[in-house]
Amino acid sequence: MCGIVGIVGHNAVAPLIVDALKRLEYRGYDSAGVATVEQGTLGRRRAEGKLVNLERLLGAEPLAGTIGIGHTRWATHGVPNETNAHPHFSNGVAVVHNGIVENFATLRDELIADGYVFTSQTDTEVVAHLVARELARGVAPVEAAHATLKRLEGAFALAIMFEGDENLIVGARSGPPLAVGHGEGEMFLGSDAIALAPFTNSITYLEDGDWAVIRRGGAEIFDLSGKRMERKRQTSLGTVFMVDKGNRRHFMEKEIHEQPEVISHTLAHYLDFTTDGLKPLDLPFDFKTLERLAISACGTAYLSGLVGKYWFERLARLPVDIDIASEFRYREMPISKNSAAFFISQSGETADTLASLHYCRSQGVPIGAIVNVRESTIARESDVVLPTLAGPEIGVASTKAFTCQLAVLASLAVRAGVARGTISREREKELVHQLSETPRFANQVLKLEGQIETLARDLSRYNHVLYLGRDTNFPLAMEGALKLKEISYIHAEGYAAGELKHGPIALIDENMPVIVIAPHDRIFEKTVSNMQEVAARGGKIILITDQKGASQVSLKTYETIVLPDVPEIITPMIYALPIQMLAYHTAVFMGTDVDQPRNLAKSVTVE
Ligand code: F6R
């Protein structure tokens with residue numbers, strides 16, 4: 001992951017680099033650093049932990065210079081301390097890096113044998129030494145960088161700067177994204193266009209395998225063989241404004257509460273509420289003749305896809321293969337001719353999801369991207385972008401992007417059903433109308449926050465929690481567990497309720513709260529039987545249900561959260577809210593860093 005920035009500018013660049021890094025902190029926050037060249041000499045400041053530590057250091061020990069590179073780190077090789085923080089130096093060469101140099105061990109042994117001394121545990125340091133070794137052999141800086149790139153294997157975005165040259169940064173991309181920003185007599189490099197938004201909206205995205213020579217006068221782009229490449233400039237839509245928390249304590253809290261609005265925007269992109277019908281959508285395939293749909297994604301996005309599978313299969317009789325992208329990319333799944341593939345990603349940069357997309361591309365399958373970041377790599381590499389209109393999601397734990405992904409998938413499933421003749425015009429109207437009710441019900445559910453907060457205080461005393469659900473509530477059970485563990489660090493598991501007696505029931509005792517997600521649906525009674533099994537073994541049941549469900553359950557629960565009775569198609573979006581609020585408030589009681597939980601990053605650009 002990690003975020004990188006480079007500026008060849010007019011004024012002191014260190015504060016500008018820090019400003020850009022703030023927009024990239026979602027990519028990692030283990031350490032940060034900046035290096036500049038001033039009067040021919042390299043200088044750097046690095047600090048362990050979040051960017052604010054680097055900012056403080058720069059306040060005490062400022063760094064002059066009108067050219068510089070910066071980095072915010074998500075540790076892959078080496079613990080997150082100052083020594084492992086980027087930029088890395090070697091004899092007049094400074095490097096920042098996002099990604100992994102996979103052959104670093106071989107290169108390091110070669111360099112050590114050549115007398116190079118390693119001061120960090122990172123893979124990045126080999127890049128600095130390799131460039132420095134070329135320079136020591138009398139090779140000019142640009143050629144030295146090019147020779148080094150040819151030696152690297154893996155996935156990386158790099159910015160390389162040279163002592164003695166205040167008008168040169170070399171950038172390179174093999175895998176993770178890198179954008180070149182064009183200014184007036186100044187140039188920029190950044191992991192994404194948003195990072196560069198305060199400086200320029202004129203952007204060239206490097207393509208995989210590109211490297212670029214950046215000077216104040218412009219950028220020259222080459223491929224690995226050294227051939228000059230033409231890449232088009234585009235106007236970025238990236239916003240200059242930093243998103244703030246408003247009057248909320250955390251971004252996550254704000255994002256949870258934004259859901260009625262952003263779900264409504266997202267649905268309105270696909271559905272026409274004046275006619276209760278579908279808006280026109282240009283797809284690179286025809287749902288009518290499609291034989292299979294492959295969906296691939298990671299984490300929370302994967303779980304939205306899993307809900308989507310139930311919808312596509314039930315509403316449109318369209319078989320869906322759904323995979324975790326890190327598995328799909330190596331699974332060599334045979335893809336039949338009449339298939340399409342959807343990739344779901346908030347960031348649009350997730351390495352495994354992108355690699356899965358590349359696999360489907362190689363199989364000639366039409367590709368749709370359900371993404372939140374419209375200018376992301378996954379969006380750019382797809383045949384059709386199916387946007388979630390969640391707005392920037394800053395909290396590392398995904399909330400509003402998840403429910404907006406669900407909104408897109410539900411809308412697409414209805415569309416597929418209409419195209420395939422499994423949904424009549426009357427049913428289409430009914431479903432679209434039901435979907436239009438989501439924001440209203442979501443608002444009602446958010447009002448239950450007080451009850452959920454009180455429950456969260458109790459939950460924060462436990463070390464393990466089990467979530468159960470059936471049908472579309474099974475992915476939600478997994479999502480509830482994922483949310484809780486990632487921000488509160490309480491161990492949690494999500495299971496299909498019917499699986500309980502095949503193993504997990506052995507865990508049930510009074511120290512294991514069991515959160516059951518069970519609206520009153522066709523299989524409600526089945527879930528009630530599972531609750532009986534838990535109750536019989538002394539388990540503490542927290543039931544999330546609707547009014548009908550609550551009125552029909554006779555067994556004693558530890559707590560029952562009663563949501564409004566809602567149409568079946570919108571239950572996943574509605575039931576996502578209490579599980580998000582429960583995780584959020586539990587984490588607040590635990591005192592964790594809710595928006596930037598340990599070891600995580602918002603955008604996972606390494607596999
Ligand atoms: C969990 C979470 C992650 C992401 C996953 C995929 O709250 O946010 O599990 O869903 O890393 O990220 P994207 O959607 O950016 O591909």
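Everything numeric here is computed off the predicted structure, so don't read it as measured data. In listed order, ligands and their atoms are each counted from 1.
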(message) Would Arg27 and Glu349 count as a salt bridge (Lys or Arg N to Asp or Glu O under 4.0 Å) here? Give the steps.
(response) CA-CA 10 Å; Arg27 303 175 76 91; Glu349 301 294 350; 5.6 Å; no

(message) I'd like to know if Glu207 and Arg173 make a salt bridge, using a cut-off of under 4.0 Å between side-chain N and carboxylate O.
(response) no

Would you tabulate the polar-atom pairs, meaning N/O of ligand 1 against N/O of the protein, with distances under 3.5 Å, reported to 0.1 Å?
residue, atom, partner, partner atom, Å
ligand 1, 7 (O), Thr300, OG1, 3.3
ligand 1, 7 (O), Ser398, N, 2.9
ligand 1, 7 (O), Lys483, NZ, 2.8
ligand 1, 7 (O), Glu486, OE1, 3.2
ligand 1, 7 (O), Glu486, OE2, 2.4
ligand 1, 8 (O), Val396, O, 3.3
ligand 1, 8 (O), Ser398, N, 3.4
ligand 1, 9 (O), Thr300, N, 3.1
ligand 1, 10 (O), Thr300, N, 3.1
ligand 1, 14 (O), Gln346, N, 2.6
ligand 1, 15 (O), Ser345, OG, 3.4
ligand 1, 15 (O), Ser347, N, 2.8
ligand 1, 15 (O), Ser347, OG, 2.6
ligand 1, 15 (O), Thr350, OG1, 3.4
ligand 1, 16 (O), Ser345, OG, 2.6
ligand 1, 16 (O), Thr350, OG1, 2.4

(request) Begin with the C-alpha distance, continue with both residues' side-chain angles, and end with the deciding distance and a verdict on side chain to side chain contact (heavy atoms under 4.5 Å, CB included) for Tyr270 and Leu278. (result) CA-CA 6 Å; Tyr270 298 91; Leu278 305 168; over 6 Å; no

(message) Test of understanding: with side chain to side chain contact (heavy atoms under 4.5 Å, CB included), list the residues that count as partners of His265, not counting sequence neighbours.
(response) Glu261, Leu389

(request) Kindly state each residue pair satisfying salt bridge (charged side-chain N to carboxylate O under 4.0 Å, His left out) with at least one member in residues 572-596, sequence neighbours excluded. (result) Lys50-Asp593

(request) Not counting sequence neighbours, which residues clear salt bridge (charged side-chain N to carboxylate O under 4.0 Å, His left out) with Arg470? List them please. (result) none

